[in-house]
Amino acid sequence: MFPELFLPIAYISVVGLLLLKDEYQSRRLNRERFEARAQVEWPVTVETISGPMYGHTDNISVTGALLVCLQPLYKGEIVKVVLNAPSRSMVVHAEVVWTDRYLPTEKYYPHNAIAVQFKRITDASRNFLTLAVYDYLKTDEN
């Protein structure tokens, strides 16, 4: 084959693969945001390597939650989250997707908004969250 053509073709192929990978990641993130979320304020305990921290959920879905805490967490950090719903307590392992400063209503000092994606969750907990989100959205419509 022609060696002078190999390098440009290889370069174009690599650039094309990187663009496809970026498009795939973008579509995957957008798809995950369409999932139903319930605006519930459940107490949470986040177990980190530096000890437990306390807060509450701002919203929750079957695959993740937005937590509000005083202490920060770092993107990519894997933590154990204890969700204290009104009728039961659940333990899930989650990965921090993003974190940002947040000023909740009726508070005078900033908190941290921490978005987590559930990585390890039992089937019973997943079923409970599915029903809880559905029930919340059904009662919210009325």
query = Taking all non-hydrogen atoms of both residues, which atom of Glu95 and which atom of Ile78 are closest, and how far apart?
reply = CB-CD1, 3.5 Å
query = Looking only at heavy atoms, what is the nearest atom pair of Ser89 and Asn84, with distance?
reply = OG-OD1, 3.0 Å
Residue pair Trp42 / Pro86: nearest heavy atoms and the distance that separates them = NE1-CD, 3.3 Å
query = Going through the checks in order, is the side-chain contact (heavy atoms from CB on, under 4.5 Å) test met by Tyr136 and Val40?
reply = CA-CA 8 Å; Tyr136 176 82; Val40 294; 4.0 Å; yes
query = Has the side chain of Thr57 got a donor or acceptor atom that lies under 3.5 Å from a matching backbone atom of Leu67?
reply = no
query = Do Ile60 and Leu83 touch side chain to side chain, with heavy atoms closer than 4.5 Å?
reply = yes
request  = May I have the step-by-step check of side-chain contact (heavy atoms from CB on, under 4.5 Å) for His93 and Phe118, ending in yes or no?
outcome  = CA-CA 6 Å; His93 288 80; Phe118 302 145; over 6 Å; no
remark   = Looking only at heavy atoms, the pair that brings Ala94 and Val81 closest together is CB-CG2, 4.2 Å
message = Is it the case that the side chain of Thr130 and the backbone of Arg126 share a donor-acceptor pair, with hydrogens and angles ignored and the cut-off at 3.5 Å?
response = yes
key: Candidate pair His56 and Cys69, rule side-chain contact (heavy atoms from CB on, under 4.5 Å), full reasoning   = CA-CA 7 Å; His56 64 83; Cys69 301; over 6 Å; no
key: Nearest heavy-atom neighbours spanning Arg37 and Gly64   = NH1-O, 4.1 Å
inquiry  = Checking side-chain polar atoms at under 3.5 Å, does Thr99 have a donor or acceptor matched by the opposite partner on Asn112?
reply    = no
message = Under the criterion side-chain contact (heavy atoms from CB on, under 4.5 Å), I'd like the reasoning laid out for Val91 against Lys80: C-alpha separation, chi angles, the key distance, then a yes or no.
response = CA-CA 7 Å; Val91 176; Lys80 187 164 127 181; 3.7 Å; yes
Minimal non-hydrogen separation, Ala85 against Phe128, with atom names = CB-CE2, 3.7 Å
request  = Answer whether the closest heavy-atom distance between the side chains of Leu66 and Val116 falls below 4.5 Å.
outcome  = no
query = So if you build clusters from Ile, Leu, Val, Met, Phe, Trp, Tyr with side-chain heavy-atom gaps below 4.5 Å, do Val82 and Ile114 land together?
reply = no
